[in-house]
Amino acid sequence: MRALSLVLLLTLSLPSVACECLWQGSFADITERVDYISHGRIVQIKGNSMDIEVFDEFKGTSYRDQVRIWLKTGDLCRAEIEGFEVGEEWILALSKIDAVPEGGFDPMTPNISYGRKGDYSLPGCGGYFLPVSNDWVSGPIIDATKWDFEPKLTPVLSRIIKGFVSGDIDRETLKEATQVDPALRELMINTRLHIKR
């Protein structure tokens, strides 16, 4: 009886199973494994879901102006909703939800669930999300070390990311773009602005 009590006590004291995923790589490493890549702005966050207004599609087609994305809940290995805010722009590499598993939706908590069939989920164990500011993209674009979501890379224009996804720009060119001297890049931008005047 004492041994059974000890086993029960140990079982109850163990932490619940959490997501323990391996780093899947930088954005350049994961593009082939996802269904849909888009550039958009977050327009709403509810529970563990967010809606984005789609500006551009880099891979796949949603046929919608807004896309619903489901993030982490329970032990799902997805990005944390706390890392996102309404109004932010992101390039997101998403997986399509083809089926909802048993227990994946609770009508009592419709804003906290696995997600709906036809929506998308955002994995969290790699460079699946890149922040965008004034069309400049940063984050773990290429060759970022494990779990480094803010590597010291030079931001690149979103059209370079789109070119990489479409195959018009190769990996080496993408890497070179992230290593351009920021002062040189600023000089090039200022020169272009001066020429346009």
Quiz item: Is there a donor-acceptor pair closer than 3.5 Å between any side-chain N or O of S113 and the backbone N or O of G115?
Solution: yes
Practice problem: I would like to know whether Q44 and Q66 meet side chain to side chain contact (heavy atoms under 4.5 Å, CB included); could you show each step before the answer? | Solution: CA-CA 10 Å; Q44 176 176 267; Q66 288 190 9; over 6 Å; no
Quiz item: Could you state the interatomic distance from SG (C77) to CG (L22), rounded to the nearest 0.5 Å?
Solution: 9.0 Å
Self-check item: Same cluster (ILVMFWY, side-chain, under 4.5 Å), L122 and V86
Solution: yes
Self-check item: Sequence neighbours excluded - ring-ring contact (aromatic ring centres under 6.0 Å, His included) pairs with any residue from residues 46-82
Solution: H39-F55
Quiz item: Quick one: CZ on R64 to CD on E53, what's the gap to the nearest 0.5 Å?
Solution: 14.5 Å
Quiz item: Side-chain contact, heavy-atom cut-off 4.5 Å: K72 with N48?
Solution: no
Quiz item: Side chains of V67 and D119: closer than 4.5 Å at any heavy-atom pair?
Solution: no
Quiz item: With sequence neighbours left out, which residue pairs that include part of residues 98-110 fulfil the side chain to side chain donor-acceptor pair (under 3.5 Å) condition?
Solution: none
Quiz prompt | Shortest non-hydrogen contact from A93 toward I30 | solution = CB-CD1, 3.6 Å
Quiz item: With a 4.5 Å limit on heavy-atom distance, are the side chains of I42 and D51 in contact?
Solution: no
Practice problem: Measure the CD1-CG distance between I81 and L71 for me, rounded to the nearest 0.5 Å. | Solution: 4.5 Å
Quiz item: Is the gap between the ring centers of Y36 and Y120 under 6.0 Å?
Solution: yes
Practice problem: State, with a plain yes or no, whether a side-chain heavy atom of R78 is found less than 4.5 Å away from one of Y128. | Solution: no
Quiz prompt | Polar side chain donor-acceptor pair, S133 to E89, under 3.5 angstrom | solution = no
Quiz item: Honestly curious: do I169 and I37 fall in one hydrophobic cluster under the side-chain, below-4.5 Å linking rule?
Solution: yes
Practice problem: With salt bridge (Lys or Arg N to Asp or Glu O under 4.0 Å) as the test, would you mind laying out the steps for D143 and R171 before giving the verdict? | Solution: CA-CA 10 Å; D143 296 342; R171 188 180 180 95; 3.0 Å; yes
Quiz item: Which value, rounded to the nearest 0.5 Å, describes the distance between K59 atom NZ and S166 atom OG?
Solution: 12.0 Å
Quiz prompt | Side chain proximity check, S95 to P123, heavy atoms < 4.5 angstrom | solution = yes
Self-check item: Close side-chain approach of W90 and P131, heavy atoms under 4.5 Å
Solution: yes
Exercise. Begin from the C-alpha positions of F129 and F27 and carry the test ring-ring contact (aromatic ring centres under 6.0 Å, His included) through to its verdict.
Key: CA-CA 8 Å; F129 40 98; F27 179 82; over 10 Å; no
Quiz item: When you look at CG of N134, are more than 12 heavy atoms from neighbouring residues, nucleotides or ligands closer to it than 6.0 Å?
Solution: no
Self-check item: ILVMFWY network linking I112 to F84, side-chain heavy atoms under 4.5 angstrom
Solution: no
Practice problem: Kindly indicate whether the side chain of Y114, heavy atoms from C-beta on, has any atom under 4.5 Å from the side chain of I97. | Solution: yes
Quiz item: Given E88 and R41, is the side chain to side chain contact (heavy atoms under 4.5 Å, CB included) satisfied, shown in steps?
Solution: CA-CA 6 Å; E88 292 178 334; R41 180 176 58 236; over 6 Å; no
Quiz item: So how far is it from S26 OG to K175 NZ, rounded to the nearest 0.5 Å?
Solution: 10.0 Å
Exercise. May I ask you to decide if E176's main-chain N or O and Q179's side chain share a donor-acceptor pair within less than 3.5 Å?
Key: no
Self-check item: Any L92 side-chain heavy atom under 4.5 Å of I52 side chain
Solution: yes
Exercise. Determine the minimum heavy-atom distance between I142 and A28, stating which atoms define it.
Key: CG1-CB, 3.9 Å
Practice problem: Among I91, D56, V137, L157, find the one that has a side-chain contact (heavy atoms from CB on, under 4.5 Å) with K162. | Solution: D56
Exercise. Give, for atom OG of S121 and atom CZ of R116, the distance between the pair rounded to the nearest 0.5 Å.
Key: 13.5 Å
